[in-house]
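Taking it in order: structure first as structure tokens, then the write-up.
Note that this is a predicted model, so its numbers are computed, not measured.
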Amino acid sequence: MGCAPALPTWTGGSTTPRDRGDVAFGTAVRLPTGALRDLGPAPSDYRERAEPAGFAPVALARYGVKRGLDVGLMLAGTTLRLEVRGEVSPREGSTRPTWIVGAAPFVGWLPGRDVEGGREGGGLRAGLDLPAARAIEIGGLYEVWLGLRGGMELVRGDFAQAGAPTARASAFAVRAGPMLGMAIGFRRFHAFVELTAAYEHWWGSHGETSLRRGGVVLLPSFGLRVRL
């Protein structure tokens, strides 16, 4: 719990208004499919630590720098992401459509496994998310967003292998796919859900073993947002 690399976008129907803040809390789930679920005949600690399925608690804070531009910080499990987002071609009105684009670098800690006398192994992840979505805000009550997100990620660390000592692992991944979300609420409070479905491919090595595999990853998430 809390270690799965589950990073939603939580785009919403607009950026955070100028000099206002958004705070959101919720949960995201990483559900790999295909070869990404297969641990192989001799599973390694790297697979269980760097590419796991599972849940992650998520907390998000955003601040509106000006109309159509905000910055944010998201903590999902053991991964921290900084984001900058902007709006393109918004149309003002009770129904407010706009494009929201962003760039979000992230870093994360991969905990080692518990052994007698302490912990063994562990590593780090770092990467970049590039989301873009068509978003609509309707009367301050409803929000819908649909778009694409791409990204890349690098993982490095020392992990145990089945029947072998701890060895260095290094892997690089790219991913891309659609996302869909919606929110409902009143004034400052909204509940929301979001789903990303992305194809993800990894290249790398763990000790003497080469790593190359891919598959679709589903990332459902939900939460509550408060506008301050």
What is the distance from atom [atom1] of [X] to atom [atom2] of [Y], rounded to the nearest 0.5 Å?
X: L36; Y: L31; atom1: CG; atom2: CG; value: 12.0 Å
X: M74; Y: L60; atom1: CE; atom2: CG; value: 4.5 Å
X: M152; Y: L130; atom1: CE; atom2: CG; value: 6.5 Å
X: Y46; Y: T166; atom1: OH; atom2: OG1; value: 15.5 Å
X: T98; Y: E92; atom1: OG1; atom2: CD; value: 8.5 Å
X: R30; Y: L218; atom1: CZ; atom2: CG; value: 10.5 Å

| message | Set out, in order, the CA-CA distance, both residues' side-chain angles and the distance that settles side-chain hydrogen bond (donor to acceptor under 3.5 Å, both in side chains) for T9 and E194, then state yes or no. | response | CA-CA 8 Å; T9 70; E194 183 183 83; 2.6 Å; yes

Tell me whether [Y] is reachable from [X] by hopping between hydrophobic residues (I, L, V, M, F, W, Y) whose side-chain heavy atoms are closer than 4.5 Å.
X: L80; Y: L82; value: yes
X: L75; Y: L73; value: yes
X: I184; Y: I136; value: yes

Do the non-hydrogen side-chain atoms of [X] and [Y] ever get within less than 4.5 Å of each other?
X: W203; Y: V174; result: yes
X: W202; Y: L211; result: no
X: E200; Y: P32; result: no
X: T27; Y: F222; result: yes
X: L110; Y: T78; result: no
X: Y142; Y: M182; result: no
X: R149; Y: T196; result: yes

Within the supplied structure, the quantity of interest is the number of heavy atoms (other residues, nucleotides, ligands) at a distance under 6.0 Å from [X] [atom1]; does it exceed 12?
X: R156; atom1: CZ; value: no
X: R168; atom1: CZ; value: yes
X: E208; atom1: CD; value: no

| Are L124 and V107 close enough, and set up right, to give a side chain to side chain contact (heavy atoms under 4.5 Å, CB included), and what steps lead you there? | CA-CA 7 Å; L124 296 172; V107 295; over 6 Å; no

[X] and [Y]: which non-hydrogen atoms are nearest, and at how many Å?
X: G215; Y: Y199; answer: N-CE1, 3.5 Å
X: A50; Y: V155; answer: CB-CG1, 3.9 Å
X: H201; Y: G214; answer: ND1-CA, 3.6 Å
X: D70; Y: R62; answer: OD2-CD, 3.9 Å
X: M179; Y: A133; answer: CE-CB, 3.6 Å
X: A28; Y: L219; answer: CB-CD1, 4.4 Å

Is there a donor-acceptor pair closer than 3.5 Å between any side-chain N or O of [X] and the backbone N or O of [Y]?
X: T15; Y: E87; answer: no
X: T79; Y: P5; answer: no
X: H206; Y: F159; answer: yes
X: R20; Y: L228; answer: yes
X: R85; Y: I100; answer: no
X: R81; Y: P8; answer: yes

| message | Between W145 and E137, does the side chain to side chain contact (heavy atoms under 4.5 Å, CB included) criterion hold? Intermediate values first, please. | response | CA-CA 9 Å; W145 58 98; E137 189 176 43; over 6 Å; no

| Going by atom types only, do D22 and T16 share a side-chain donor-acceptor pair under 3.5 Å? |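 T16 and D22 do have a side-chain donor-acceptor pair below 3.5 Å.
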
| Just checking, any donor-acceptor pair under 3.5 angstrom between side chains of Y63 and D19? |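 Indeed, the side chains of Y63 and D19 share at least one donor-acceptor pair under 3.5 Å.
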
Table please: side-chain donor-acceptor pairs of residues 185-193 below 3.5 Å, with sequence neighbours left out.
from	atom 1	to	atom 2	distance (Å)
H190	ND1	R225	NH2	3.3
H190	NE2	G140	O	3.1

| field | Full working for side chain to side chain contact (heavy atoms under 4.5 Å, CB included) between F106 and L7 | value | CA-CA 10 Å; F106 61 87; L7 279 169; 3.9 Å; yes

| request: Any chance you could lay out the side chain to side chain contact (heavy atoms under 4.5 Å, CB included) test for L69 and V84, step after step, and finish with the verdict? | output: CA-CA 8 Å; L69 178 68; V84 178; 4.1 Å; yes

